[in-house]
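Working notes, beginning with the structure itself.
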Amino acid sequence: MNEIQLELKNQLQKFCLQKIEPHMEHDDETETFRMDIFNELGELGFTGMTLPEEFGGVGLSYQDFSIALCEIAKYSVSYAVTISVSSMVQAILNEFGSVVQKKQYLPALSSGIEIGAFCLSESGAGSDAASLITSAKKTTQDGTEGYLLNGSKIWITSGGIAKTYIVMARTGAAGSSGVSAFIVRDGTPGFSFGKKEKKMGWRVSPTRELLFHNCFIPAENLLANEGDGFKIAMAALDKGRFTIGAIAVGCAERALDESVRYALSRQQFKQPIFDFQGLQFMMADMALEIECSRLLVLQAAKDYDSGTPNAKLACMAKLKATDTAMRVTTDAVQILGGVGYTKEYPVERFMRDAKVLQIVEGTNQIQRVVIARLLKKEYSKH
Ligand SMILES: Cc1cc2nc3c(=O)[nH]c(=O)nc-3n(C[C@H](O)[C@H](O)[C@H](O)COP(=O)(O)OP(=O)(O)OC[C@H]3O[C@@H](n4cnc5c(N)ncnc54)[C@H](O)[C@@H]3O)c2cc1C
């Protein structure tokens, strides 16, 4: 790590220990998201890290961002995910928005005053996202040109607490080319919230259904051009992949830390359980898999930063890191034995939080589908 990255990590560690860690058990139990914590992370510059300074961001690299997400995830996967998704919305606006749209929406998002949400999934369109059916029909209302949104979205991270929603809706024919992206603000007539999911993990991060009923969106809220929506969503997910990997590395690191500390202090058969080779091999493998994952995530981020993104590596980083987080957190519960299965230690929470990392932003089966497709493409060139 360079000096900036070390400083970032230390500052975040201090903040998370003071402000996040003391609430986590309670907030996980009660599904409480604290906006004041998000606002404070914003004041420290952690909610707009990769956005250029002209729109209120800090202008740091995706490598720096990955290190920061990893650190936050050691204390709370939920806050790390909230920042990751809100940053994804900022990246979309920055890359595809007009100057007016950027000026209007980015400062509140980058400063952490507001949260952004990314809205692609529907009940009938998960992995096959291009089959979405929420419609946006061109219309004119009181002399203003725009679109009438009808349909619903599910699984939306930060649904209900976000103010700016990037919503993919169908303006054209079936398939990916008929999808457009819209900026929808909380409070727009015809836009409401459906059920809040009761989840196994990520309990501090609300996940909600969005409902659109004759919701009028002015044409100025269309992002880029009609038909660009799927391209915009996929570009955003490409970035999201290794950031989810970074969160997974933090989640796994915390589980390893808890395991080693516990194994050193817990005695059975008149010796620390750390001294049993069966557990030593488990912990050695946990450490190995975490380092492999970290290297993949940082390499994918570096490629992105240097302007030569490597889609295959980004998929591998997400896949490897999230599978590692699931395995390491499960092993951590095993190493702690009975107490690992209780709320006395946080490893059970990290195990629950790890699971969904294998599902979001492209399931790990879909990552394998994409890696195989890219391999085939590489080999067909020869
Ligand atoms: C907590 C949470 C937060 C989320 N946040 C957001 C959000 O903010 N915005 C958003 O738009 N979405 C969000 N999602 C949705 C998430 O992206 C989807 O759940 C995910 O894409 C999978 O879709 P699905 O759940 O419909 O599963 P399905 O697509 O129905 O998949 C079910 C199973 O089939 C497998 N499968 C499907 N297709 C293939 C294939 N071609 N080959 C092999 N296996 C396959 C999958 O891997 C999976 O195991 C969130 C989900 C959760 C649980």
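None of the values given here were measured: they were computed from a predicted structure. Just so it is clear, the values below take in all heavy atoms, side chains as well, and ignore hydrogens, waters and symmetry mates.
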* So do the side chains of L41 and K19 get within less than 4.5 Å of each other, counting heavy atoms only? -> no

* Asked: Are I156 and I92 joined in one hydrophobic group, where the rule is that I, L, V, M, F, W and Y side chains link up if heavy atoms are under 4.5 Å apart?
  -> no

* Locate the shortest heavy-atom distance separating T50 from S61; write the atom from each residue and the value. => CG2-O, 3.8 Å

* Note, K199 side chain near V356 side chain (heavy atom, < 4.5 Å) -> no

* Is it true that a side-chain atom of S306 and a backbone atom of D303 form a donor plus acceptor pair closer than 3.5 Å? -> yes

* In terms of hydrophobic clustering (I, L, V, M, F, W, Y; side-chain heavy atoms under 4.5 Å; direct or indirect links), are Y304 and I232 co-clustered? -> yes

* **Nearest heavy atoms of A354 and C251, plus distance in Å** => CB-SG, 4.0 Å

* To do: Please check if atom CD in Q334 has more than 12 non-hydrogen atoms from other residues, nucleotides or ligands closer than 6.0 Å.
  => no

* To do: Treating Ile, Leu, Val, Met, Phe, Trp and Tyr as nodes and any side-chain heavy-atom pair under 4.5 angstrom as an edge, say whether I359 and F350 lie in one connected cluster.
  => yes

* Asked: Quick one: does L93's side chain get under 4.5 Å of F55's, heavy atoms only?
  -> no

* To do: For the residue pair V85 and S158, establish whether any side-chain heavy-atom pair is separated by less than 4.5 Å.
  => no

* Is the count of non-hydrogen atoms from other residues, nucleotides or ligands lying under 6.0 Å from R261 atom CZ greater than 12? -> no

* Plane angle bin for Y345 and Y262 - parallel if under 30°, tilted between 30 and 60°, otherwise perpendicular -> perpendicular

* To do: Walk me through it: do F193 and L210 pass the test side chain to side chain contact (heavy atoms under 4.5 Å, CB included)?
  => CA-CA 5 Å; F193 300 109; L210 313 183; 3.6 Å; yes

* To do: Side-chain contact test, heavy atoms from C-beta onward, threshold under 4.5 Å: evaluate it for I290 versus T324 and give yes or no.
  => yes

* Between the main-chain N or O of L120 and the side-chain N or O of K153, is there a donor-acceptor pair closer than 3.5 Å? -> yes

* Is it true that K320 and E289 make a salt bridge, defined as a side-chain N closer than 4.0 Å to a carboxylate O? -> yes

* Structure fact -> dist I371:CD1 -> L319:CG (nearest 0.5 Å) comes out at 5.0 Å

* Is the CE atom of M1 crowded by more than 12 outside heavy atoms at less than 6.0 Å? -> yes

* Asked: Can any side-chain N or O of Q63 pair as donor or acceptor with the backbone N or O of A301 at less than 3.5 Å?
  -> no

* Asked: Does the pair D331/R327 count as a salt bridge with the N-to-O cut at 4.0 Å?
  -> yes

* **N/O donor-acceptor pair under 3.5 Å between Y79 side chain and R34 backbone** => yes

* Asked: Is the side chain of W202 donor-acceptor paired with the backbone N or O of S78 at a distance under 3.5 Å, no angle test?
  -> no

* **S192 OG to L211 CG distance, which is reported to the nearest 0.5 Å** => 4.0 Å

* To do: Side-chain contact test, heavy atoms from C-beta onward, threshold under 4.5 Å: evaluate it for L375 versus K312 and give yes or no.
  => yes

* To do: Please round to the nearest 0.5 Å and tell me the distance separating atom CG of L256 and atom OG1 of T329.
  => 11.5 Å

* Passing option when I183 is tested against V89, T164, I217 for side chain to side chain contact (heavy atoms under 4.5 Å, CB included) -> T164

* Could you verify whether a donor N or O on one side chain and an acceptor N or O on the other, from R170 and T134, lie under 3.5 Å apart? => no

* Same apolar cluster: F276 and F274, side chain cutoff 4.5 Å -> yes

* To do: Indicate yes or no: at least one non-hydrogen side-chain atom of R349 is less than 4.5 angstrom from one of R203.
  => no

* Structure fact -> Nearest heavy-atom contact between M286 and I335 is SD-CD1, 3.8 Å

* Asked: How many angstroms lie between CD1 in I72 and CD1 in I67, if you round to the nearest 0.5 Å?
  -> 12.5 Å

* **Interatomic spacing from OG in S205 to CD1 in I83 - rounded to 0.5 Å** => 11.5 Å

* Asked: Which heavy-atom pair separates T47 from G112 by the least distance, and what is that distance?
  -> OG1-N, 3.1 Å

* In sequence, state the C-alpha distance, the side-chain angles, and the governing distance for N221 and Y105, and then conclude on side chain to side chain contact (heavy atoms under 4.5 Å, CB included). => CA-CA 11 Å; N221 285 24; Y105 303 107; 3.8 Å; yes

* **Side-chain donor or acceptor of S84 paired with backbone N/O of A80 under 3.5 Å** => no

* To do: Establish, yes or no, whether a centroid distance under 6.0 Å links the rings of F46 and F15.
  => no

* Test item: D353 side-chain N/O and G201 main-chain N/O as donor-acceptor pair under 3.5 Å -> no

* Mind running side chain to side chain contact (heavy atoms under 4.5 Å, CB included) on I366 and T363 for me, showing each step along the way? => CA-CA 5 Å; I366 294 299; T363 67; 3.3 Å; yes

* Tell me, with the steps shown, if L279 and M282 meet side chain to side chain contact (heavy atoms under 4.5 Å, CB included). => CA-CA 5 Å; L279 293 196; M282 266 171 94; 3.9 Å; yes

* To do: Look at atom CD of Q141 and say whether more than 12 heavy atoms of other residues, nucleotides or ligands are closer to it than 6.0 Å.
  => yes

* With no hydrogens and no angle check, is any side-chain donor or acceptor of D257 less than 3.5 Å from a backbone partner on E253? -> no

* Counting only N and O atoms by type, is there a donor-acceptor contact under 3.5 Å from the side chain of Q358 to the main-chain atoms of A325? -> no

* Polar contact flag, side-chain donor to acceptor under 3.5 angstrom, E43-N39 -> no

* To do: Give a yes or no on whether M35 and I20 share a hydrophobic cluster (residues Ile, Leu, Val, Met, Phe, Trp, Tyr; joining criterion: side-chain heavy atoms under 4.5 Å apart).
  => yes

* Asked: Going by an N to O cut-off under 4.0 Å, is there a salt bridge joining R185 and E114?
  -> yes

* Value rounded to 0.5 Å, distance of OH in Y341 from CG in L336 -> 14.5 Å

* Start with the C-alpha gap between R241 and E361, add the side-chain angles, then the distance that decides, and say whether salt bridge (Lys or Arg N to Asp or Glu O under 4.0 Å) holds. => CA-CA 7 Å; R241 288 203 171 112; E361 299 196 11; over 6 Å; no

* Asked: Is it the case that more than 12 heavy atoms not belonging to I133 sit under 6.0 Å from its CD1 atom?
  -> no

* Asked: Can K376 and E378 be counted as an ion pair, charged N to O under 4.0 angstrom?
  -> no

* Asked: Is a side-chain donor-acceptor pair under 3.5 Å present for Q267 with K270?
  -> no

* Nearest atoms (heavy-atom pairs only) where E122 meets M168 -> OE2-O, 4.5 Å

* Work out which heavy atom in S111 is nearest to a heavy atom in A108; give both atom names and the distance. => OG-O, 3.3 Å

* To do: Report yes if the side chains of P272 and L264 come closer than 4.5 Å at any heavy-atom pair, otherwise no.
  => no

* How are the rings of Y62 and F242 set relative to one another: parallel (under 30°), tilted (30 to 60°) or perpendicular (over 60°)? -> perpendicular

* Is the number of heavy atoms from other residues, nucleotides or ligands within 6.0 Å of NZ (K196) greater than 12? -> yes

* **By salt bridge (charged side-chain N to carboxylate O under 4.0 Å, His left out) - contacts of E3 (at least two apart)** => none

* To do: Would you confirm whether N364, through its side chain, and T322, through its main-chain N or O, come within 3.5 Å as a donor-acceptor pair?
  => no

